[in-house]
Amino acid sequence: MIIVMKKDASEEQINHVAEKIKDAGLSLHLSKGKERTIIGAIGDEALMTKVQVNALPGVESSMPILKPYKLVSREFQEENSVFDVGNVTVGGDKIQVIAGPCSVENEKMLVETAKLVKAAGATMLRGGAFKPRTSPYDFQGLGEEALKYLATAREETGLPVVSELMDPRDIDLFIKYVDVIQIGARNMQNFRLLKEVGKTDKAILLKRGISGTIKEWLMSAEYIASQGNRKIILCERGIRTYETATRNTLDVSAVPVLKELTHLPVFIDPSHAGGRWDLVEPLAKSAVAIGADGLMIEVHIDPENALCDGAQSLKPTKFEGIMEELGRVAQAVDRTI
Ligand code: PEP
Ligand code: MN
């Protein structure tokens, strides 16, 4: 429930409403604007029926939040969420591009890639350290060693770094080394993991599950937000359909649908969606045109010999060309990239 206080509501009246909400067993979110205070009562709204909210002194109006996800809904917060990751502003007019290899293979390739993608206009660096591979016999990632290389690449380039966390037991390592914790498609509904990252103050990139509906995805974001962390980026990466010509099917319609339902920034990963390097450009263009706030693109200095996802990885020169093309699309929709 959202409770709007009168313009001249006193501290005492605000505190009184807050106490009533807590007594009813709900949690409280205060938003003190220049004009007036808005109070969010989050939890089971049925518990609020005992409280005559509109009769409380200082209350102007109240309305229920109808969606099952509360904190991440547009109903709860009308304006877009905008937050900083290092020196990068996510959710603003500038479209942010995360680029880098699927997995960190060694320090040299990572630092070299980081410098090249930065020169081409990427604003964050990606690199997998713990890889969610379908086969246990495939390359599983270098683990902590990879996280250290990511931190070195950040030192050398200034790019904030993004990496996937699969296991809550590794969370301290991620807090130490990375700027954005990625939750992969396979873990979109790993609720214990979501709660753990919700307790950190790192930005979280939450990828859409392979068969996750938009509602389920937003409920997963709510798990993170419910623990206090509001720095959440949603990342569409293709869903599984009957089509086999592409690795997954990019759901571009998810962008405008999400923009209506949530205030969270929305990114698109055209690399995992198409599964082919030659599809990255058209899919990325469609993402920018339809209003995505960012992109995540796999770039490898030697895709033919990549240890993971070489077929969908761009060579740095190709990435550079695509960034130029994307600049023109961004301009057409009044954004920068
Ligand atoms: C990744 O980005 O490295 C990855 C494994 O993606 P997804 O979870 O979307 O498959
Ligand atoms: Mn990959």
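Side-chain atoms are counted along with the backbone in the values below, which use heavy atoms only and exclude waters and symmetry mates. We count ligands from 1, going down the list as the structure has it; atoms in each ligand are counted the same way. Residue numbers run from 1 in the order of the sequence given.
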Closer than 4.0 angstrom, basic N to acidic O: yes or no for [X] and [Y]?
{"X": "D302", "Y": "K315", "answer": "no"}
{"X": "K6", "Y": "E60", "answer": "no"}
{"X": "K318", "Y": "D278", "answer": "no"}
{"X": "R133", "Y": "D138", "answer": "yes"}
{"X": "K285", "Y": "E325", "answer": "yes"}
{"X": "E19", "Y": "K22", "answer": "yes"}

Looking only at distances, please establish whether an N/O atom of ligand 1 is found under 3.5 Å from an N/O atom of [X].
{"X": "P132", "value": "no"}
{"X": "D269", "value": "no"}
{"X": "R237", "value": "yes"}

Quick one: nearest non-hydrogen protein atom to [atom], plus distance?
{"atom": "atom 5 (C) of ligand 1", "value": "E164 OE1, 3.6 Å"}
{"atom": "atom 4 (C) of ligand 1", "value": "H272 NE2, 3.6 Å"}
{"atom": "atom 6 (O) of ligand 1", "value": "K207 NZ, 3.0 Å"}
{"atom": "atom 3 (O) of ligand 1", "value": "R126 NH2, 2.8 Å"}

Short list, please: which atoms of ligand 1 are under 4.0 Å from a heavy atom of [X]?
{"X": "R186", "answer": "7 (P), 8 (O), 10 (O)"}
{"X": "K131", "answer": "3 (O)"}
{"X": "G184", "answer": "8 (O)"}
{"X": "A185", "answer": "7 (P), 8 (O), 9 (O)"}

Grouping I, L, V, M, F, W and Y whenever their side-chain heavy atoms are under 4.5 Å apart, do [X] and [Y] come out in a common cluster?
{"X": "M166", "Y": "Y177", "result": "yes"}
{"X": "V197", "Y": "F83", "result": "no"}
{"X": "L173", "Y": "L193", "result": "yes"}

Classify the ring geometry between F174 and F130 as parallel (under 30°), tilted (30 to 60°) or perpendicular (over 60°).
tilted

Between C308 and the Mn ion (ligand 2), is there a contact where an N/O/S atom of the residue lies under 2.8 Å from the metal?
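Here the distance criterion (N, O or S atom, under 2.8 Å) is not met by C308, so no.
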
Restricting E298 to its N/O/S atoms, the closest one to the Mn ion (ligand 2) is OE2

For the Mn ion (ligand 2): the N/O/S atom of D309 at shortest distance:
OD2

Would you say Q182 touches ligand 1, if touching means a heavy atom closer than 4.0 Å?
yes

